Amino acid sequence: MNFTDIEKKWQDIWEKEKRFEVNNYCDGKKNAYVLIEFPYPSGKGLHTGHVRSYSAMDAVARKKRLEGYNVLFPMGCDAFGLEAERTAIKEKKPPQEIVSRNIAIFKEQLKCVGLSIDWSRAINTCDPEYYKWTQWLFLQFYKHGLAEKRYANVNWCPNCGVLANEEVEDGKCCQCHAEVEQKPKSQWILKITKYAERLNDDLDQTEYMEHIKLGQKHWIGKSEGVQVKFKLVQGGEFEIYTTCIETIYGITFMVLAPEHPLIKQNKDKIKNWIEVENYIKQASKKSEFERAELTKTKTGCKVEGLTCINPVNGKEVPIFIGDFVLVNYGTGAVMAVPSHDQRDFEYAVAHNIPMIQVIEGKDVSKEAFEKKDYLGKGCKLINSEEFSGLTVEEAKVAITKKLVDMGVAKKQVNFRMQDWVFSRQRYWGEPIPMINCPKCGWVPVPEKDLPVKLPEVESYEPTKDGESPLSLISDWVNVKCPCCGSDAKRETDTMPGWAGSSWYFMRYCDPHNDKEFASYDALKAWLPVGLYNGGNEHTNRHLLYARFWNKFLYDIGLSPVNEPFKSRVSQGIVLGANGVKMSKSLGNVVDPRDVIKEYGADSLRIWESFMGDYFSDVNWSDEGVKSANKFISRVVSIKDLLVDGDEISKELSYILNATIKKVSEDIDKIKFNTAISQLMICVNEIYKNKKINKAEYKTLLTLLNPFAPHITEELWVECGYGKDITNATWPVCDESKLIKEEVEIAVQVNSKIVARINIDPTLNQEDILTFVINNENIKNILIEKQIIKEIYVPGRIVNFIVK
RNA sequence: GCUGGUGUGGCGGAAUGGCAGACGCACAGGACUUAAAAUCCUGAGGUGGCAACACCGUGUGGGUUCGACUCCCACCACCAGCACCA
């Protein structure tokens with residue numbers, strides 16, 4: 001029988017027997033939840049990169065099962081989103097149809113890999129049975145005051161309407177190339193910033209990979225600083241936020257965001273209002289891209305007629321507006337200290353503003369002496385009245401105290417993260433279940449009326465007026481108010497692509513529940529997810545959103561855990577053979593089905609495990625699959641060396657136990673490449689030994705099963721170990737078999753290798769050193785030399801430092 | 001610019017501060033074969049040498065250490081992400 005038949009045979013058996021379907025509780029077994037991000041069913045289909053991470057997590061799941069766990073390893077589809085909508089527009093077919101077509105391809109691709117997925121729990125975010133609960137969850141946010149309508153900017157193309165960020169290229173519409181501007185629009189937002197502190201601090205309760213924690217922290221952007229009130233000479237006041245209060249004596253100007261309310265309020269006092277107004281207009285036209293443009297010079301405009309007083313020394317300071325100050329971060333106003341902030345420095349040079357150095361330690365005539373360079377170095381203040389001479393760290397405390405005592409400042413924690421704009425003016429998303437009544441205002445759709453289903457429409461294209469295509473379906477839009485029965489209108493915005501994926505891992509726990517989004521008991525059985533694997537591109541936002549939803553649900557008593565994921569890892573990207581990302585247009589996409597047809601799923605899986613470090617990017621190579629195929633053939637051919645025996649023999653006990661240890665540890669650490677390498681070493685040793693007994697082969701097959709599930713199960717049955725491999729148990733390493741009677745160590749003199757000799761590693765250090773010194777060779781080398789130090793690294797090296 | 005990451009043979013890549021290059025690919029030689037493929041065995045970082053061996057080798061330059069791919073400082077190159085964050 002060839003591998004195609006074998007793999008098909010076992011995949012059919014697994015499906016028929018429902019081998020990988022799990023119950024939430026299984027007597028005598030502990031639960032384990034292994035999760036991998038569900039795919040977005042794009043028209044591209046899956047490529048070998050997906051297979052690498054899926055089969056990696058499959059290996060983890062399979063090993064856990066063999067270790068006796070009740071394992072949940074689910075899969076689904078994240079089906080709402082822009083790409084399906086675009087394809088729908090292009091092909092003039094409903095997105096539902098596009099998505100089902102793509103899902104069918106995905107399923108076929110996934111199935112032939114032989115993953116141990118519980119397909120009975122499969123979910124699909126665009127299924128009304130699923131998004132009913134996404135809508136229900138939105139209503140919970142609303143009812144707890146965490147969802148509200150607020151104005152937020154959208155990318156606005158005069159021809160095409162509202163655009164997603166990715167539809168804007170170089171500040172222009174990617175379709176019609178018109179200039180894109182920012183336009184405020186009333187939208188639903190979720191108040192994720194209410195959770196900023198906990199989303200930051202609770203990372204300590206998780207075991208995410210360090211760079212992922214850092215990514216989260218940077219995105220949340222917690223900073224501790226001081227908020228200070230500045231009085232206008234002309235009457236009124238405003239606040240600034242700073243993390244560098246120690247530089248307050250260095251202030252030579254202030255910069256307000258162009259949109260700052262103070263500017264309009266003082267219109268009559270501003271002498272150059274025309275100039276100011278023009279600047280504000282220009283700033284509002286700037287696209288996201290232009291505002292983020294890095295090389296551009298800092299623009300701004302002096303506000304003539306407005307000045308303020310620096311509260312520490314009573315000095316009068318000029319006021320500017322500049323579009324690099326953002327109205328929605330901090331207080332929308334900053335103090336500018338050109339000597340100690342490079343951005344302020346450049347601004348000061350451009351506008352001919354004086355500078356005052358207040359921290360000594362660097363020449364500030366060419367560039368600023370910034371906090372990253374002066375913090376923690378013991379630098380002292382100058383030009384700062386009574387604070388001169390203090391270190392920066394002392395001054396931070398002292399100046400803050402003075403300002404707080406004066407009643408003009410308070411300590412303030414700020415977050416870079418902003419509230420989550422949750423509205424999209426698009427068709428292909430979950431309708432936001434709200435109704436706008438002229439009498440009652442915004443009223444949630446009663447829970448009994450959920451789901452609010454997407455109506456069928458003729459056209460999916462965004463409208464020219466910036467409203468969702470749903471707004472054109474009048475018999476869908478017009479409803480009676482659930483409160484008062486008056487004529488009212490549905491919200492026509494839909495949710496963003498992130499919505500469905502923010503809680504899908506919970507639905508897997510209880511996927512068919514029609515009373516709740518998931519029962520508390522089911523969630524308690526599985527959460528937190530033990531291992532969560534996903535792409536680097538999702539380690540910031542998706543992970544944050546999912547944590548946010550869970551925390552909210554935890555607070556209202558619907559989730560049993562404060563943190564939903566115990567650990568999070570992200571795999572490297574499998575690049576095409578040419579070293580660039582696989583993409584259809586470059587023609588370097590490898591379809592797993594093609595590889596499987598030629599070499600088999602087991603070979604593909606082994607190769608993808610072996611090709612390199614799981615967390616690093618790797619280039620695809622066809623040659624490599626061949627080598628994996630060869631390795632599998634070698635494992636099969638071992639059958640010819642089989643002899644009787646129920647116990648591990650003396651000849652193979654070292655290598656088998658070493659392999660058990662290495663493979664077990666490496667799977668736990670997701671170091672699959674070295675696990676496979678160890679299995680190869682083991683197989684090589686078996687060939688050298690020229691025989692293997694049944695117990696030994698059984699051990700080898702068990703260790704290989706997570707990586708090559710089909711062939712190992714086939715051999716398992718063929719060798720009479722049982723009717724299938726579910727009766728296998730993961731072997732345990734006998735550490736006592738790893739102790740060797742003799743090992744070769746290197747002997748060094750002054751850290752240079754002079755000899756290699758065999759020693760008994762069980763001896764203590766003293767005996768080993770004596771043994772080495774008394775060796776004839778070593779004696780000759782050391783003759784007439786004075787040993788001043790002896791170093792022994794167990795089992796590796798002896799080093800004599802001599803004079 | 002900021003953030004995160006990477007840099008080791010011809011190639012993919014291994015190495016709790018302890019014999020750099022495990023394992024594999026490609027390559028060479030041998031066995032089997034009429035022959036080829038497949039398979040099995042053997043070899044190999046570079047330079048020099050018949051050889052024993054010597055010297056040089058983990059992006060560059062310093063440092064710590066008996067000992068550095070590994071730790072510290074400075075720099076260079078490449079990849080990915082980004083929201084000018086006060």
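Lettering follows sequence order; numbering is per chain, from 1. Quick caveat: nothing in here was measured; it's all calculated off a predicted structure.
Rounded to whole Å, the distance from NZ on A:Lys803 to P on B:rC66 is 15 Å. The CD1-P distance, from A:Ile573 to B:rA80, rounds to 8 Å in whole Å. Nucleotide B:rC85 holds its P atom 13 Å from the CG atom of A:Asn414, rounded to whole Å.
Dashed line: the shortest gap from a side-chain N or O of A:Asn673 to OP1 or OP2 of B:rA14 is under 4.0 Å.
Taking the ring-ring contact (aromatic ring centres under 6.0 Å, His included) definition, one finds that A:His218 meets it with nothing, sequence neighbours left out. Residues passing the ring-ring contact (aromatic ring centres under 6.0 Å, His included) test with A:Phe369 are A:Tyr374, sequence neighbours excluded. Remark: A:Phe422 engages A:Phe138, A:Trp420 in a ring-ring contact (aromatic ring centres under 6.0 Å, His included) (not counting sequence neighbours). A:Asp668 meets the side-chain hydrogen bond (donor to acceptor under 3.5 Å, both in side chains) test with A:Lys63; sequence neighbours excluded. By the ring-ring contact (aromatic ring centres under 6.0 Å, His included) test, A:His50 is found to be paired with A:His47, residues two or more places apart in sequence or in another chain being considered. For A:Tyr545, the side-chain hydrogen bond (donor to acceptor under 3.5 Å, both in side chains) partners at least two apart in sequence or on another chain are A:Arg541.
Closest contact between the side chain of A:Lys371 and the listed nucleotides B:rA86, B:rC25, B:rG24 involves B:rA86.
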Please report, to 0.1 Å, the donor-acceptor pairs under 3.5 Å made by any side chain of residues 790-802 of chain A, with sequence neighbours excluded.
unit_1   : atom_1 : unit_2   : atom_2 : d
A:Tyr792 : OH     : A:Gly795 : N      : 3.1
A:Asn799 : OD1    : A:Ser751 : N      : 3.0
A:Asn799 : ND2    : A:Gln748 : OE1    : 3.4
A:Asn799 : ND2    : A:Ser751 : OG     : 3.2

Protein-nucleic acid N or O pairs under 3.5 Å, nucleotides 15-21 of chain B:
unit_1 : atom_1 : unit_2   : atom_2 : d
B:rG18 : N2     : A:Asn799 : ND2    : 3.3
B:rC19 : O2     : A:Arg756 : NE     : 2.6
B:rC19 : O2     : A:Arg756 : NH2    : 2.9
B:rC19 : N4     : A:Glu744 : O      : 2.8

Write down the protein N/O and nucleotide N/O pairs, taken from nucleotides 39-48 of chain B, whose separation is under 3.5 Å; answer none if there are no such pairs.
unit_1 : atom_1 : unit_2   : atom_2 : d
B:rC40 : OP1    : A:Arg634 : NH1    : 2.4

Under 3.5 Å, which protein N or O atoms sit close to an N or O of nucleotides 2-7 of chain B? Give each pair with its distance.
unit_1 : atom_1 : unit_2   : atom_2 : d
B:rU3  : O2'    : A:His218 : ND1    : 3.3

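A:Thr243 and A:Lys371 form a side-chain donor-acceptor contact under 3.5 Å, judged by distance and modelled atom types alone.
Of the residues in residues 602-613 of chain A, A:Phe610, A:Met611, A:Asp613 come within less than 4.0 Å of RNA chain B through at least one heavy atom, sorted by number.
Remark: RNA chain B takes part in the stems B:1-7 with B:76-82, B:10-12 with B:23-25, B:27-31 with B:39-43, B:45-48 with B:53-56, B:59-63 with B:71-75, each of 3 or more antiparallel Watson-Crick or G-U pairs, criterion distances under 3.5 Å.
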